[in-house]
Each structure stands twice: as structure tokens, then as C-alpha cells.
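Comments concern the structure below.
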Amino acid sequence: MRRVHDFHGGIHPAENKHQSLQQPIRNAGIPPQLILPLSQHIGAPARPVVAVGEQVLKGQLIAEPGGHVSVPLHAPTSGMVSAIEDRPIPHPSGFPAPCIVIDCDQEDRWAPLQGVANYRDCEATELLELIRAGGIAGMGGAGFPTAVKLAGKPGRAVKTLIINGTECEPYITADDSLMRERATDIVEGIAILQHILQPQEVLLGLEDNKPEAIAALRAATAGSTIEVVTFPTKYPSGGEKQLIEILTGQQVPSGGLPGDIGIVCQNVGTAVAVRDAICHGRPLLSRITTVTGDAVEAPQNFEVLLGTPMQYLLELAGLHPERCKRLVMGGPMMGFTVTTVQAPIVKTTNCILAPTAAELPPPPPAQPCIRCGLCAEACPASLLPQQLFWFAQGKEFEKLEQHKLFDCIECGACSWVCPSHIPLVQYYRASKADILEQRREHAKSEQARQRFEARQVRLAQEEEEREAKRAARKAAAEKRAELAAQGDAEDPIQAAIERAKAKKAAQQDGQPVAASVSPEAALRQKLAKAEQRLAQSVASGEDAKIVSALEASVERLKGKLAEAESAATESGAT
Amino acid sequence: MPSWIAEYPLLAALLALVGLGAPFGALLGFAAVRFRTEGNPIADEINAILPQTQCGQCGFPGCRPYAEAIAGGEAINKCPPGGESTIQALADLLDVEAPPLDEEHGEEKVKAVAYIREDECIGCTKCIQACPVDAILGAAKQMHTVIASECTGCDLCVEPCPVDCIDMIPQPESLQTWHWQMPAQRSNNLEIIATDATPAERAA
């Protein structure tokens, strides 16, 4: 029996998990329309590769990864792409984001799939490519692209693979029901992960409040090298760093990643998705989502297609809209309020909580901090929440960073124990965002400074070049003048006069240098212009004197033209 | 021990001190020349805090000159694009009081990006010459356009445009720029003990 460790702090909120565990996982079926946000993961949003009006098959690629840290997106069922536009997504801001909308044809026709017959014959890189192509992002909640996480840093061996079966947040039972019902799939998925990472040990950790899941997993892992480890229930033991400490006694260094100490963590849901992608070639199209809360008639777990509107799912569970004051995605501790029921289920939606007002009352007004220190006792990251609160209020970003604000996992334990009901986590989230924005702006201003300085250098250089040219010209002129004064060379002014004289002489010889136009033609042009001017002045009703002067000039030009023409005919005759 | 030391202790002390002082002084003098600091480090630090819009609203031709002026004792509240946060950072750095922004030089505005209405642009290149960060692209008699990601929102291109085809468009909050806000600061007394509220709060 492995010795389990404890982590600092933690709380024991009411679990409220039994409500949604009364029934087995139910298939939610195909809704009339699916809304698929292009960004359901951490990293660059996916890029659509289908056009509006296109027919798509189930499992067909509809958006390709937008970068290295990104995943593709597939059609969860067959139908027609009816729009690619901004739609509401489950996000605390309530801002819409680009989505691919599919009108389902209810036929559920599959695109041809190709799984790997025996993954043991494949190279790890090959399998990682398949995982990436399967659109798999961490199913535990953060949605980090799984292939990127598994690839890790090159040259760093993985000692321990930890499979996260902990579901510490109240109400949520998606992973629990998955472990109960699909333990063999999980174990198959873990075996693939084992083949990719080649760890020395594989630990599957879950709390002791899930006896059915433990029994199912023990049965499924019998005879394998996977060790199922159980430990006392405490919130937030599902946090990656907390789980690592529980199972190994090691702490992930501040600001570091589990990979730094040779550990990789994966969620049980991710393991199943990996198995589907490798063994069956089936990309990530659906997930298990808990719908619970007192405002729904039948709280339960659904296997739901990605992109299913929350409203559809809530109706299946029997929502009483009059009872539900707000809708939460995720759990009561770390979830956020969803602004509209039109928002879809995404790859990271593990729970939709529809609580009644009595179940999840609005927080009472915050009172002053009394420095009781309960928050520091509860903090699983061993931080000093009241100190952070103080600095956050004063916007002392440097001190916040010194006090390791970025090690806060935003679990909400401090807010939960606070007797003054201070929304501490909100302060930390806002401060983190402020600091990140400051960094971004600083980077931007640094870039502006570089561009400005480059421009200054360029302008100075141009000025210098001009100055150099001017100086060169001046020097040349001086040199010429000097030579002229010495009488060695011809005087430039004299030379110019000579050139002009030569030109004139040539013209007088009857060889006009640049007379390409005959004199009659020039006169004709002049005449046309004068006539035009005359017509204009007559039309606009100008002074009589001007008109008469213009008429006179036209007459004069006509006379000259006649003369020139007669001269030309004469010269032509001779 | 020579006898004159005992005879003239004052002279002996003086000689001893001068004997110590002269070499150390020479050493310090040498070090000051040998390890001279290039540029002005305080001005560099101040320059790093300034927003680098190069807008000149402070009355100096760019951020660097203003940073040098601050190092020389200029007031720190003349930078409207930086706003309160820049003043606060400068005050922290220089260990002085943070005064409110000097209204004379303009007020803090929402960050904006220049936008050229391209069908109205006549291609005069005047805005290109005005842009301090080379964020406008174009050539004579060709339509110009702003590289939005490089624009600092300094307004300097608006004035020279002969056809007024440049707009400063405030950047709206989007999904990418959104972030959690601090909880609303309410009077702690108001909701717990109504009678403790200040008259202004009671009226509200």
C-alpha cells in the first residue's frame, strides 16, 4: 500500500454529488443545431476549413489548428454548416466569439475513420500526431492541448504518469460516472499514454468518496502496472499540483510545471479521448457533462455532443427556469456564471449547475478583513491570502508577485472560509489580469521605443548622407573654380557660352535643333486655343472689352496662319 | 621612532591623514574615470516606465527627452497617455509624492488606434513623416494605411493630414482584452449597519 501525503490547507464543502449519480450516463442525442466555438482550448483559435453551406459528416475536420499550441475541431454529427459567425460562448465576459454553426440532419453519418490496429507498433511522435489530429484538449477543465502536454520538453524523461480521477469540486460527477461505467476504456487509454511516455510508474489517484469508481478501476487495472491510489476527500485535491503532492510528496516548484520534476498529469476523460482517437480514429466529438442543481428535475450525467446548446441539455434534464436564478459552468467553487443559455457545451464543460437562489445564495456583503488568518490556513498553495488581498487593494503589483500571486490556483478556499465574506479570489483574478496587461503594455511600449529609435537613427543617417553630398558638390565646384583661376582648364562660364554659340549657329544654318513641329501647326494650335478662350468668355458673359480683345487676337492669328501657309506652299513649290 | 613625532604631534597627525587621504583620493578619482557610467541610468529607468507613444504632449520631443528632463527635476505628471499608473510608477521610482495628472497637457483617454479612411487618402505622405514609430505604410500618390499593431495612438498623424481622413478609433473591449475586474468597492458600513453610512452614501 502506497503512502499518501497531505497538502497544506484545503476545505470540506458539502459535496452534493449524490443528486447527479442516481442514474447512469444518458446520451443527450442530437440537437437541431450545434454551435462550435473555434477556441475551446488554451492557445491559438482553430481556423475553419469549411465554407457556409457545405455538407459535413460526423468526425470530419471543420477547423485546423491555428498554431503549435492549438487543436483542430471536428463535426460532432453530420449536417450542413449554416454559419461561421460570432455567437455567445461560455465565458465569464459574456462576449461572443467566432463559432461554426452546424444544422444537424439527424442522420449521424460518419466520415470514414481509420484507427491504429496496434499502437504498440507506433512511434511516440506518430501517436502524438494522432492525438493532436483528434482535437484532444485536457478534459479536466483547463483545456490545454494534450499532445503539447505529452510532448513536454525534449530530453526530459517522465518518471511518473499521474492519472487524475479526483473530482473534488462539489456537485460535479462527470469523471466519477465515467470511471464507474468506462473503467476499461480508461485503462486502455492509460496504456497508450504509458506507451508514449514510458514512465517508471503510473498512479491513478482518486478520493475515497467514490467507492464504486474505485471498485470498477481496481477490477479494470488488475494485472496491469497501473496503481490505483485512494486518499481522504478534501477540496482541492483535484488540482494538478495538489494531486502530485498527495501522491508523491513532491511539490512542483513555484512558477514551474510538473514536467520539471518528471511528472505528467492527465485527466481520466482525456485518457478515454486518447483511446478513442488512437484505437478507433475517432476525434473528440462528445464529452460527459453533469447537469445538476435544484432547479433541474432530474440531475444526471449526459454524454453530450460538443456544441450542444446548454438550453437543449437543461431541457432534457427538466429545468424549471423560474427556479433558476443563474447558470454556472463548472462547480460552485471555481465555476463562472454563464450569461446566456444559448451558449454551447465545449470541450472543457464538465458541469452545468442550475442552482436555486436558496442553494447558491448571492454572497453577503463583504466586511473588513479582521486578520483572522483562516484563509492562510485554508490555502492549498501555502500563500498568504490576506496579505495578497491587502496588496491587491493597493495595486502593489511588485509585492503581489513577490508574494507569489501567480502560484494561486484560484480554488476559492480562502473566500469560502472568510468570515468577512471577502471575495478574495476575485481580487486575485483581477490583479493577475492587471499584471499580465501591464507586462503586455510594457512589451508594446518597448517595441514602440525600438521603432522610434530606429527611425531616429534612420533620419539622422539620411541627413548625414545629404550633408555629405552637399559637401562633395561644394568641394567639386571649388576645385573647378580653382582650376579656372590657374588657367589650366577652360573657364566653365566661357565653355557654356561657346556651347550656346555653337547651337545658335547650327540653327541659323537651317537645321532647327528641336523643331519637330512645323510653324503652321503651332499657329493652328494657338488659334484653336484662342478661339476656345473666346467662346468661353462669350458664354460666361465677360466684359465686352475682353471679348473684343480676344476677337482681335483671333483675327491676328488667322492672318499669321494664312501667311505661314502661303510661305510653306511656296517653299514646297520651289 | 623619530623624535620630531613626539615633539610635534599635530604635524604628525596631519601628515598621517594627508598620507592616507592622498592615495585614497587618487584611487577614487581613477575609479570615477575608469568605471564611468555610460549615459544616465536614472533617465533610462524613467524612460522604461514612460509609455513610449512619442506623442510630445508633455512638451518634449519624445519620451526619452522627457525622461531626461524628469531626471533633471521636471514634473512627473505631464504624460497623459501614461495616466495615473505611470505617475504612480514614477513616484515610486523617484520616491516622491504622486501628483494628479497635469490637465494642461491633456487628459487620460481610452487607448485608440489611428485609422485612415482609405478612399479619401490622397497619398501626400505627410502622416508618414509625422509618425514617430513608422506605423504608417504608403508612398507618394499611393493610398496609405496604418499598421494597427504598431500604432501607439499618439494622434500626431491627425493634424498634418490635409484632407482629414485619419480617425482615432478607441479600441473596444473584446474577448481578448477582457479580464476580471476588482470587486466593486462599496462602503462596508452601508449594507451592514445603515446608520453608519456617511450622508453622501445615505443619499445614494
Side-chain angles (χ1 to χ4, degrees), chain A residues 37 39 45 86 88-89 91-98 336 363-369 389 392-398 410 415 420-438 440-456 458-459, chain B residues 44 47-56 61-65 67 79 81-86 88-89 92-93 111 113 128-136 147 149-154 156 172-194:
Chain A
S39 187
D86 282 6
I89 58 159
H91 190 272
S93 68
F95 280 118
F336 57 87
Q367 294 177 52
C369 172
F389 167 57
Q393 278 182 312
K395 294 199 180 288
E396 296 183 69
F397 296 147
E398 219 166 278
E410 300 174 21
S415 309
S420 291
H421 311 292
I422 301 171
L424 291 162
V425 176
Q426 253 194 71
Y427 282 96
Y428 308 151
R429 277 179 174 164
S431 299
K432 278 185 188 177
D434 281 346
I435 291 173
L436 291 178
E437 190 171 273
Q438 209 185 33
R440 253 201 314 277
E441 279 199 351
H442 195 262
K444 208 180 165 208
S445 77
E446 189 57 29
Q447 198 185 345
R449 190 183 62 78
Q450 278 170 10
R451 287 180 75 90
F452 175 67
E453 281 171 6
R455 182 185 146 92
Q456 297 293 90
R458 198 190 69 221
L459 291 182
Chain B
D44 283 342
N47 196 30
I49 292 173
L50 293 176
Q52 305 297 330
T53 46
Q54 318 295 350
C55 64
C63 292
R64 177 88 219 176
C79 179
E84 295 298 332
S85 58
T86 298
Q88 189 60 50
D92 286 348
L93 176 73
K111 225 174 164 179
V113 164
I128 296 179
Q129 289 156 35
C131 181
V133 291
D134 284 337
I136 303 180
I147 308 170
S149 61
E150 303 293 354
C151 177
T152 62
C154 68
L156 289 180
E173 192 175 44
S174 69
L175 196 63
Q176 282 74 41
T177 57
W178 177 89
H179 61 75
W180 292 95
Q181 293 300 317
M182 288 276 180
Q185 285 288 349
R186 289 170 300 191
S187 164
N188 290 320
N189 298 330
L190 191 58
E191 285 166 55
I192 307 299
I193 307 164

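Naming convention: chains lettered A, B, ... in sequence-line order (proteins, then strands); numbering from 1 in each chain.
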| said: So which residue, A:R455, A:E398, A:Q426, ends up with the most heavy-atom pairs under 4.5 Å with chain B? | reply: A:R455
| message | Would you compute the distance between atom NZ of A:K444 and atom CD of B:Q52 and round it to the nearest 0.5 angstrom? | response | 12.5 Å
| message | Report which part of A:I89 has an atom under 4.5 Å of a heavy atom belonging to chain B: side chain, backbone, both, or neither. | response | side chain
| task | Let me know if B:P132 has heavy atoms under 4.5 Å from chain A in its side chain, its backbone, both or neither. | result | both
| query | Does any non-hydrogen side-chain atom of A:R458 lie less than 4.5 Å from one of B:D134? | reply | yes
| field | Value rounded to 0.5 Å, distance of OG in A:S445 from CZ in A:F452 | value | 13.0 Å
| At a heavy-atom separation under 4.5 Å, does A:K432 approach chain B through its side chain, its backbone, both, or neither? | neither
| task | Look at B:R64 together with B:D44 and state whether they make a salt bridge at an N to O cut-off of under 4.0 Å. | result | yes
| field | Heavy-atom pair with the smallest gap, counting every atom of A:A448 and B:T152 | value | CB-CG2, 3.6 Å
| message | Can you tell me which portion of A:Q447 sits under 4.5 Å from chain B's heavy atoms? Options are side chain, backbone, both or neither. | response | side chain
| note | In short, B:P81 meets B:T53 closest at the heavy-atom pair CG-OG1, 3.6 Å
| Any side-chain heavy-atom pair of A:S431 and A:K395 under 4.5 Å | no
| field | Residue part contacting chain A, namely of B:S149, when any heavy atom lies under 4.5 Å | value | backbone
| task | Can you measure from CG (B:N47) to CZ (A:R449) and round to the nearest 0.5 angstrom? | result | 6.0 Å
| query | For B:E173, is it the side chain, the backbone, both, or neither that has a heavy atom closer than 4.5 Å to a heavy atom of chain A? | reply | both
| query | Do you know which of B:C131, B:A135, B:C151 has the most heavy-atom pairs under 4.5 Å to chain A? | reply | B:C131
| message | Using 30° and 60° as the class boundaries, would you call the ring planes of A:H91 and B:W178 parallel, tilted or perpendicular? | response | perpendicular
| field | Structural part of B:S174 lying under 4.5 Å from a heavy atom of chain A | value | backbone
| task | Using non-hydrogen atoms and a 4.5 Å limit, figure out which bit of B:I49 sits close to chain A: side chain, backbone, both or neither. | result | neither
| About how many Å separate CD of B:E150 and CD1 of B:I136, when rounded to the nearest 0.5 Å? | 12.0 Å
| With only heavy atoms counted, which part of A:S39 is less than 4.5 Å from chain B, the side chain, the backbone, both or neither? | neither
| task | Check each atom of B:Q54 against the heavy atoms of chain A and say whether the ones under 4.5 Å are side chain, backbone, both or neither. | result | side chain
| request: Answer with side chain, backbone, both or neither: which region of A:A392 has an atom nearer than 4.5 Å to a non-hydrogen atom of chain B? | output: both
| task | Go through the atoms of A:E441 and report whether side chain, backbone, both or neither lie under 4.5 Å from a heavy atom of chain B. | result | side chain
| field | chain B contact via A:Q456 - which portion, at a heavy-atom distance below 4.5 Å | value | neither
